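Keep in mind it's a predicted model, so treat the numbers as computed, not measured.
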Amino acid sequence: MSRRLFLTTTGAVSLGAALSACGGSGGGTGGASSAKPVSQADIDKAMKTPTELTFWTWVPDVEQEVALFEKKYPAIKVKVVNAGQGVAHYTKLRTALKAGTGAPDMVQIEYQAIPTFTITNSLLNLAPYGASALKGRFVDWTWGQVSGPDGEVWAIPQDTGPMGMLYRKDIFDQHGIQVPTAWDEFAAAARKLHKADPDVYLTNLAANEPAAWHGLLWQAGAKPYTTSGKSTLAISVDDAVSKKLGEYWGGLAKEGVISTDPDFTDPWYAGFNKGKYATWLTAAWGPAFLSGSAKSTAGNWRAAPLPQWDAAKPVSGNWGGSTTAVTASTKNPIAAAQFAQFLNSDPASAKMFATKQFFFPATKALLADASFTGSAPAFYGGQKVNQIFADISDTVSPEFQWPPFLDQAATDWTETVGKSLAAKSDTVAALGTWQSRLTTYAKKQGFTVKGA
């Protein structure tokens, strides 16, 4: 389940390096408006031509899904390679792309990492290969994550992480706490619970987890990064919406009524098992993850949407998920593009990801499939958790964007905002420092930074 973690260290590229790579990577098709569609005849011919493709992915046992593709297209053989995860995966990919040799045809890539590679023209625009026709099959916001302003399609969605709240029903019942539906109710419950039992916190907002912060920014309607073209970037990580989050979470951390323990560590796992945390603000992959990591608490957990800033307009953010992209350097663009599309849109393959790897779906059909949404795991008291997160997925905004240097944003967040949460210092001031650091970095890389 570790591949579900939101891996933020995707690596940065300078604009100078990016522009250099634009000239050297080759194979790009440009915007959809200028790209000539590939004919069905050419597609049919390519799929009957003996070809070997290489697919870099960290997904366990993905050979099962690949076999479905090879069965439909017996002339095409796919070599699956695990090149690593997170830093290792993306570093190897950039190195191979820069060298002009050794890069895969298809590659697993997380939503937030896509801008890091589109800015260098390293991904193939899949629109001319029929990908645009798949738009209606996927949850709307996921298509916003993989498409460009001119109709480009840079990848095909595979799984997602709409955010909700897992909570300990037994702890809530013991202390007379109602499931909070608004953030002010959540804060009141945090104070009530910790006062009643100083060993228990309503939640843990990990000070080392920029992914969760970005998901909460997403839910609040923030637009921390907005790109225009290849070289203009608006950075707004300390605007009014961001400061609202800073005051809220920084205030709760200062009061000591929430914990800020580093996540995915032994003490953090122990915290769940011994009842230190009464909720986990997590993504749709969280239920499966928690059921394997906190077995001693089986039957006590339930799921609910995140508390809301505006009850009249229920919204959520996303944390995690990935896609299948095709590198611009592939020698077999048609076959590679068809693989990316088949792997994630074929009903049998998509369902296999949900039932074998326990990925949370990106296709509308699977999110409406009673065999998926009707699952009622005993760990959650028989609650239909998948249905709850399927409903949450419909509330995720399609407008959230990522910067072309996510690793820098993540590092700077941890050293500013994250540090302030852990130290119970001024989180709003830390947001200003984060803004300043990112603005300085972006300018040094050659970006024109709006509003700076």
When rounded to the nearest 0.5 angstrom, what is the spacing between [atom1] in [X] and [atom2] in [Y]?
X	Y	atom1	atom2	result
L406	I114	CG	CD1	12.0 Å
L217	S236	CG	OG	11.0 Å
T324	L126	OG1	CG	9.5 Å
R137	T142	CZ	OG1	13.0 Å
T57	E63	OG1	CD	9.0 Å
E152	S132	CD	OG	9.5 Å

Do we see a donor-acceptor contact under 3.5 Å between the side chains of [X] and [Y]?
X	Y	result
D105	T327	no
E399	W141	no
K351	S371	yes
E185	T181	yes
T414	N208	no

Sidechain-backbone polar pair: [X] side chain, [Y] backbone, donor-acceptor under 3.5 Å:
X	Y	result
Q435	V237	yes
Q145	F400	yes
N318	M163	no
N273	S293	yes
K192	A187	no
H194	A189	no
T160	P361	yes
T297	A294	yes
E209	A207	no
T120	F117	yes

- Can the positive tip of K92 be found less than 6.0 Å from the middle of the six-membered ring of W56, inside 45° of the ring normal?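 No, K92 does not lie over the aromatic ring of W56.
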Shortest non-hydrogen contact between [X] and [Y], atoms and distance:
X	Y	result
L93	P104	CD1-CD, 3.8 Å
V396	P162	CG2-CB, 4.0 Å
P198	K195	CD-O, 4.3 Å
P287	A284	CD-O, 3.2 Å
V139	K364	N-CG, 3.9 Å
L343	S349	O-OG, 2.6 Å

Quick one: are [X] and [Y] in side-chain contact, heavy atoms under 4.5 Å?
X	Y	answer
L124	W154	no
K450	T226	no
V146	P157	yes
L281	F186	yes
Y277	V200	no
F353	L366	no

- Task: Just jot down the ring-ring contact (aromatic ring centres under 6.0 Å, His included) partners of F69, sequence neighbours excluded, or say none.
- Result: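 By the ring-ring contact (aromatic ring centres under 6.0 Å, His included) rule, F69 matches Y73, F339, F342.
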- Task: State whether D239 and K243 are salt-bridged, where the test is any N-O pair (Lys NZ or Arg NE/NH1/NH2 against Asp/Glu carboxylate O) under 4.0 Å.
- Result: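 Answer for the salt bridge query: no.
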- Inspect the contact between D61 and K356 and indicate whether a charged nitrogen and a carboxylate oxygen are less than 4.0 angstrom apart.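 The answer is no: the pair does not qualify as a salt bridge.
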- Message: Run the side-chain contact (heavy atoms from CB on, under 4.5 Å) test on F55 and V107 for me, step by step, so that the C-alpha distance in whole Å, both residues' side-chain angles and the decisive distance to 0.1 Å come before the verdict.
- Response: CA-CA 6 Å; F55 178 34; V107 61; 5.7 Å; no
- Task: Go through T373 and N386 one step at a time and tell me if the side chain to side chain donor-acceptor pair (under 3.5 Å) criterion holds.
- Result: CA-CA 5 Å; T373 59; N386 286 345; over 6 Å; no
Any idea how [X] and [Y] line up, ring-wise: parallel (<30°), tilted (30 to 60°), or perpendicular (>60°)?
X	Y	answer
Y90	W58	perpendicular
F389	F360	perpendicular
Y225	H214	parallel

- Tell me, with the steps shown, if W309 and L245 meet side-chain contact (heavy atoms from CB on, under 4.5 Å). CA-CA 10 Å; W309 294 107; L245 260 66; 3.8 Å; yes
- Task: Could you check Q158 against N344 for side chain to side chain donor-acceptor pair (under 3.5 Å), going step by step and ending with a plain yes or no?
- Result: CA-CA 5 Å; Q158 184 169 103; N344 301 317; 2.9 Å; yes
- Residue pair Q357, Q64: steps toward the side-chain contact (heavy atoms from CB on, under 4.5 Å) verdict: CA-CA 10 Å; Q357 284 93 359; Q64 300 172 94; 4.1 Å; yes
[X]/[Y] aromatic ring centres below 6.0 Å:
X	Y	value
F447	Y441	no
W319	W285	yes
W183	W249	yes

- Residue that, paired with W280, satisfies ring pair (Phe, Tyr, Trp, His ring centres under 6.0 Å) out of Y167, W268, Y201: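 Only one of Y167, W268, Y201 forms a ring pair (Phe, Tyr, Trp, His ring centres under 6.0 Å) with W280, namely W268.
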- Please test R437 against T416 for side-chain contact (heavy atoms from CB on, under 4.5 Å), starting from the C-alpha separation and ending with a verdict. CA-CA 9 Å; R437 286 177 60 158; T416 57; 3.9 Å; yes
- With sequence neighbours excluded, tell me which residues meet salt bridge (charged side-chain N to carboxylate O under 4.0 Å, His left out) with D170.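 D170 satisfies salt bridge (charged side-chain N to carboxylate O under 4.0 Å, His left out) with R168 once adjacent residues are dropped.
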- Non-neighbouring partners of K276 that pass salt bridge (charged side-chain N to carboxylate O under 4.0 Å, His left out), sequence neighbours left out: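 Residues passing salt bridge (charged side-chain N to carboxylate O under 4.0 Å, His left out) with K276: D261.
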- Among T279, I392, I388, T282, whose side-chain contact (heavy atoms from CB on, under 4.5 Å) with M165 holds?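 The single option meeting the side-chain contact (heavy atoms from CB on, under 4.5 Å) with M165 is T279.
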- Message: As a quick check of understanding, evaluate side chain to side chain donor-acceptor pair (under 3.5 Å) for T260 and N204, giving each step before the final call.
- Response: CA-CA 5 Å; T260 57; N204 179 72; 5.7 Å; no
